[in-house]
K.L.:
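Let me begin by handing over the structure; questions about it come next.
Proteins come first, then strands; the chains are lettered A, B, ... in the order of their sequence lines, and each starts at number 1.
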Amino acid sequence: MTQPITYELLHVDKNSGARRGVIHTPHGDIQTPIFMPVGTQATVKAMTPDELKDMVHAQIILANTYHLFLRPGHKLVQEAGGLHKFMNWDRPILTDSGGFQVFSLGALRKITEDGVEFRSHIDGSRQFISPEVSMEIQEALGSDIMMAFDECCPYPSTYEYTKKSMERTTRWAARCKEAHKTENQGLFGIIQGGFFEDLRKISASDLIQMDFPGYAIGGISVGEPKEEFLKMLKFTTPLMPENKPRYLMGVGTPDYLIEAAISGIDMCDCVLPTRIARHGTAMTSHGKLVVRNATYERDFTPLDDECDCYTCKNYTRAYIRHLLNTKEILGVRLLSIHNLRFLTKLMESVRIEIERDNLLNFKNDFYKKYGYTK
RNA sequence: GUGGAUUUAGCGUAGUUGGUUAACGCGUCAGUUUGUGGCACUGAAGACCGUGGGUUCGAGUCCCACAUUCCACC
């Protein structure tokens, strides 16, 4: 069968090694490297699809298997005509497998070889997701890119636990591939192995043998120090096939995104921009800005003087602070627009700089302005 | 005018038979947030307890006077 998801390499930055490419999907092309906004429950919180397209310039968004499985249920979404139609989004969608919830639900779940038993965080009911169930859900949702059902280990974890978990994740990946039947969806494998290089190597090579149309790095950016993150990132990315998309899961601070691109990553996603927006913080080219702080009470300038987004073109810090303090919905919306646009614009710059073989210089300038020390 | 009640942080309140640094919510101020379980979490500042006097080793707490606001009656 022809692959629904393919990767086309356009240019490699001669100095950094970063990749500029295109991912072809059933719902259109994705220019890479890319940042993908997260829409867990079939909505990027507070954003309409039109806003995501026109203001944020989002090319692809994420949705989550576990959440949509619980509510409203994948069958209902299927009945609605699939996720794209249900949520009125006609560009690519990537669904996470529920694997991250194996990690984040902590005490509310039990892992066995067969799969994971969850306690629903909504009503406490017993739920079960296995590789097969995850594939069934994601097929019903109809995403363009499906993720294999994996376990994301906490940081830190012992070598023994990480090894067992990684080997199980590999077996689960084989089961996902076996269970996956649709021809208009691409299934990505997820490399695990925690913070152990030999385990990462085994995970990568075992998964590559299974010939997925794309690969992700899971299990990093889970609370470890930045040096550990960079070390694992720079070790793992070169193990991934050059002719397929490379996805780093869960990364969303500007420095991590730039580092990811430099190491050869094509896709990243993160809840950070939308979450901190709801909590009153903006990302700007001069660093993080907590808009609700009193300093901005009478600050009638935009969030970021270098930003071209709808929020920055039309509203001031003082006004947004006022909206946040009065808990007006618009405050969160304006901040979400800005933060998402900040990251998609950052990645636009990254793509341009790769074409100019200039990403390393860009990084240095960006870091200096943002206030990063290294 | 008479009787009753009220007064504790910016606001709303708790504070037992008198016993260390007077508590809580909201607000204020600040920090956290990385394939979204909970949409928030963590911390800080802020009070001569209406005023004055008294009892007591010790008073937000008991007594007296005055003031305040509210309610009822005239």
Side-chain angles (χ1 to χ4, degrees), chain A residues 35-46 60-71 93-109 116 118-125 127 129 134 138 143 145-155 169 188-192 214-226 228-229 233 247-257 259-260 265 267-283 288-297 321 324-327 329 332 335-336 339 343:
Chain A
F35 171 78
M36 309 182 283
V38 179
T40 305
Q41 314 210 62
T43 166
V44 176
K45 292 187 195 298
I60 171 176
I61 60 174
L62 261 74
N64 189 283
T65 293
Y66 168 80
H67 295 266
L68 294 174
F69 169 60
L70 292 184
R71 252 188 339 203
I93 295 176
L94 183 152
T95 41
D96 191 20
S97 61
F100 186 71
Q101 281 63 45
V102 180
F103 159 76
S104 68
L105 262 61
L108 294 180
R109 73 352 179 212
V116 181
F118 295 93
R119 283 280 177 180
S120 160
H121 66 278
I122 298 163
D123 61 6
S125 61
Q127 303 291 343
I129 298 181
S134 179
Q138 295 186 69
S143 51
I145 298 174
M146 306 159 62
M147 299 304 299
F149 189 62
D150 67 329
E151 184 195 354
C152 175
C153 286
Y155 176 86
T169 286
F188 282 22
I190 304 176
I191 299 166
Q192 290 290 351
Y215 290 90
I217 302 176
I220 64 174
S221 192
V222 286
E224 73 282 0
K226 187 174 177 182
E228 290 274 304
F229 165 80
L233 173 67
Y247 166 25
L248 173 62
M249 307 183 83
V251 157
T253 56
D255 56 336
Y256 277 35
L257 288 170
E259 293 291 357
I265 290 291
M267 318 158 70
C268 290
D269 77 284
C270 196
V271 304
L272 195 66
T274 44
R275 177 178 287 169
I276 67 175
R278 292 196 304 285
H279 297 168
T281 300
M283 294 174 176
K288 199 162 68 172
L289 188 146
V290 184
V291 201
R292 65 182 147 74
N293 284 4
T295 339
Y296 308 114
E297 188 177 15
R321 177 175 191 272
L324 293 169
N325 282 350
T326 50
K327 301 199 167 29
I329 299 167
V332 162
L335 259 187
S336 296
N339 280 349
L343 291 187

K.L.:
When only distance counts, do a donor and an acceptor, one from the side chain of A:Arg278 and one from the base of B:U32, lie under 3.5 Å apart?
P.N.:
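Flag unset: no donor-acceptor pair detected.
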K.L.:
Locate the shortest heavy-atom distance separating A:Asn339 from A:Thr281; write the atom from each residue and the value.
P.N.:
ND2-O, 3.0 Å
K.L.:
How long is the line joining CG of A:Leu324 and P of B:G31, in whole Å?
P.N.:
14 Å
K.L.:
For the pair made of CG in A:Leu257 and C1' in B:G35, what is the distance, rounded to whole Å?
P.N.:
13 Å
K.L.:
Going by distance alone, is a donor N or O of one side chain under 3.5 Å from an acceptor N or O of the other, for A:Thr295 and A:Asn293?
P.N.:
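No - no donor-acceptor pair under 3.5 Å links their side chains.
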K.L.:
Compare side-chain N and O positions of A:Asn64 against OP1 and OP2 of B:U36 and report whether any pair is under 4.0 Å apart.
P.N.:
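Yes, such a contact exists.
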K.L.:
Classify the nucleic acid contact of A:Arg71 as base, sugar-phosphate or nothing, counting any heavy atom under 4.0 Å across all strands shown.
P.N.:
nothing
K.L.:
For A:Asn293, answer base if it contacts any base atom (sugar-phosphate contacts may also be present), sugar-phosphate if it contacts only those atoms, and nothing otherwise; contact means non-hydrogen atoms under 4.0 Å.
P.N.:
sugar-phosphate
K.L.:
Which whole-number value in Å describes the distance from A:Asp96 CG to B:U34 C1'?
P.N.:
13 Å
K.L.:
How far does the C1' atom of B:U6 sit from the matching atom of B:A14, given to the nearest Å?
P.N.:
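Taking atom C1' in both B:U6 and B:A14, they lie 16 Å apart.
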K.L.:
Looking only at side-chain atoms of A:Lys288, point me to the closest of B:U36, B:G37, B:U32.
P.N.:
B:U32
K.L.:
With the side chain of A:Arg292 defined as its heavy atoms from C-beta on, choose the nearest nucleotide among B:G35, B:A30, B:U28.
P.N.:
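Between B:G35, B:A30, B:U28, the one nearest the side chain of A:Arg292 would be B:A30.
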K.L.:
Give the nucleotide from the list B:C29, B:U36, B:G35 with an atom nearest to the side chain of A:Cys270.
P.N.:
B:G35
K.L.:
If you look at every strand shown and take non-hydrogen atoms under 4.0 Å, does A:Ile190 touch a base, only sugar-phosphate, or nothing?
P.N.:
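Answer is base: heavy atoms of A:Ile190 come under 4.0 Å of a base.
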K.L.:
Provide the closest heavy-atom pair for A:Pro225 versus A:Tyr155 in the form atom of the first, atom of the second, distance.
P.N.:
CD-OH, 3.5 Å
K.L.:
Base, sugar-phosphate, or nothing for A:Gln41, non-hydrogen atoms under 4.0 angstrom?
P.N.:
nothing
K.L.:
With both distances kept under 3.5 Å, what pairs with B:U69, Watson-Crick or G-U wobble?
P.N.:
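By the stated definition (distances under 3.5 Å), B:A5 pairs with B:U69.
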K.L.:
When all nucleic acid strands are considered with a 4.0 Å heavy-atom cut-off, which category describes A:Leu272: base, sugar-phosphate, or nothing?
P.N.:
sugar-phosphate
K.L.:
Whole Å only: how far is the CG atom of A:Asp150 from the C1' atom of B:G35?
P.N.:
8 Å
K.L.:
Rounded to whole Å, how long is the line connecting atom CG of A:Asp255 with atom C1' of B:U34?
P.N.:
10 Å
K.L.:
Using a 3.5 Å distance criterion without hydrogens, assess whether the side chain of A:Gln138 forms a donor-acceptor pair with backbone atoms of A:Met147.
P.N.:
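Yes, A:Gln138 side chain to A:Met147 backbone: donor-acceptor pair under 3.5 Å.
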K.L.:
Respond yes when some side-chain nitrogen or oxygen of A:Thr253 is under 4.0 Å from OP1 or OP2 of B:U34, and no when none is.
P.N.:
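For B:U34, OP1/OP2 do not have a side-chain N/O of A:Thr253 under 4.0 Å.
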K.L.:
Going by atom types alone, do A:Gln192 and A:Thr169 pair a side-chain donor with an acceptor below 3.5 Å?
P.N.:
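The answer is no; no qualifying pair exists.
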K.L.:
Over 60° means perpendicular and under 30° means parallel, so tell me whether A:Phe118 and A:Tyr66 are parallel, tilted or perpendicular.
P.N.:
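Aromatic pair A:Phe118/A:Tyr66 classed tilted.
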K.L.:
What distance, rounded to whole Å, do you find between the two P atoms, one in B:C49 and one in B:G19?
P.N.:
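Going atom to atom, P in each nucleotide, I get 16 Å.
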K.L.:
If the P atom of B:U69 is compared with that of B:C11, how far apart are they to the nearest Å?
P.N.:
15 Å
K.L.:
Establish whether the base of B:C39 is bridged to the side chain of A:His279 by a donor-acceptor pair shorter than 3.5 Å.
P.N.:
yes
K.L.:
May I ask you to verify whether the side chain of A:Thr281 and the base of B:U32 hold a donor-acceptor pair under 3.5 Å?
P.N.:
no
K.L.:
Kindly point out which of B:G37, B:U34, B:U36 is positioned nearest to the side chain of A:His121?
P.N.:
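Within the option list, the nearest is B:G37.
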K.L.:
Categorize A:Val222 for me: base, sugar-phosphate, or nothing, with a 4.0 angstrom heavy-atom threshold over every strand shown.
P.N.:
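A:Val222: no heavy atom of the nucleic acid under 4.0 Å.
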K.L.:
Counting only side-chain heavy atoms from C-beta out, which of B:G37, B:U33, B:G35 sits nearest to A:Gln192?
P.N.:
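Of the options given, the side chain of A:Gln192 lies nearest B:G35.
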K.L.:
Could you check how far CZ of A:Phe100 sits from P of B:U33, rounded to whole Å?
P.N.:
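From A:Phe100 CZ to B:U33 P: 14 Å.
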K.L.:
Taking only the C1' atom of each, what is the distance from B:G60 to B:G18 in whole angstrom?
P.N.:
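Taking atom C1' in both B:G60 and B:G18, they lie 10 Å apart.
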K.L.:
Nearest whole Å is fine: how far is B:G31 P from A:Ile276 CD1?
P.N.:
13 Å
K.L.:
So what's B:G35 paired with, Watson-Crick or G-U wobble, going by both distances under 3.5 Å?
P.N.:
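Partner of B:G35: none.
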K.L.:
Could you tell me if the ring centre of A:Phe103 sits under 6.0 Å from that of A:Phe100?
P.N.:
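That pair passes the under 6.0 Å test.
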K.L.:
Considering non-hydrogen atoms only, spot the tightest contact between A:Asp269 and A:Val38 and give its length.
P.N.:
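For A:Asp269 and A:Val38, the tightest heavy-atom pair comes out as OD2-CG2, 3.5 Å.
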K.L.:
Side-chain donor or acceptor of A:Arg275 under 3.5 Å from a matching atom on the base of B:U36?
P.N.:
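Checked by distance alone, the answer is yes.
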K.L.:
Do you know which two heavy atoms are closest between A:Leu335 and A:Ala277, and how far apart they sit?
P.N.:
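Residues A:Leu335 and A:Ala277, closest heavy atoms: CD1-O, 3.3 Å.
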K.L.:
Quantified in whole Å, what is the C1' atom distance between nucleotide B:A45 and nucleotide B:U21?
P.N.:
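Rounded to whole Å, the distance is 16 Å.
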K.L.:
Select base, sugar-phosphate, or nothing to describe what A:Ser120 touches, counting heavy atoms under 4.0 Å on all strands.
P.N.:
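It contacts nothing in the nucleic acid.
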K.L.:
Counting only side-chain N and O atoms of A:Lys327, is one of them less than 4.0 Å from OP1 or OP2 of B:G27?
P.N.:
yes
K.L.:
Sticking with atom C1', work out how far B:G15 lies from B:U61, rounded to a whole angstrom.
P.N.:
9 Å
K.L.:
With a 4.0 Å cut-off on heavy atoms, is A:Cys152 in touch with a base, just the backbone sugar-phosphate, or nothing at all?
P.N.:
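Counting heavy atoms under 4.0 Å across all strands, the contact made by A:Cys152 includes a base.
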K.L.:
Between A:Met36 (CE) and B:U34 (P), how many Å, whole number?
P.N.:
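Checked: the CE to P distance equals 17 Å.
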K.L.:
A:Thr40 side chain N/O closer than 4.0 Å to the phosphate oxygens (OP1, OP2) of B:U36?
P.N.:
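So the side chain of A:Thr40 is within the cut-off, an N or O lying under 4.0 Å from OP1 or OP2 of B:U36.
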K.L.:
Tell which nucleotide pairs with B:A44, taking only Watson-Crick or G-U wobble pairs whose two distances are both under 3.5 angstrom.
P.N.:
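Looking at the geometry, B:A44 pairs with B:U28.
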K.L.:
Counting Watson-Crick and G-U wobble pairs only, both distances under 3.5 Å, name the nucleotide matched with B:U13, or none.
P.N.:
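Matched B:U13 with B:A23 under the 3.5 Å cut-off.
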K.L.:
Base, sugar-phosphate, or nothing for A:Asp269, non-hydrogen atoms under 4.0 angstrom?
P.N.:
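Sugar-phosphate contact only - A:Asp269 comes under 4.0 Å of backbone atoms but never of a base.
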K.L.:
Roughly how many Å apart are B:A22 and B:A47, using the C1' atom of each and rounding to a whole number?
P.N.:
8 Å
K.L.:
If we take the C1' atom in both B:U17 and B:U56, what is their distance in whole Å?
P.N.:
16 Å
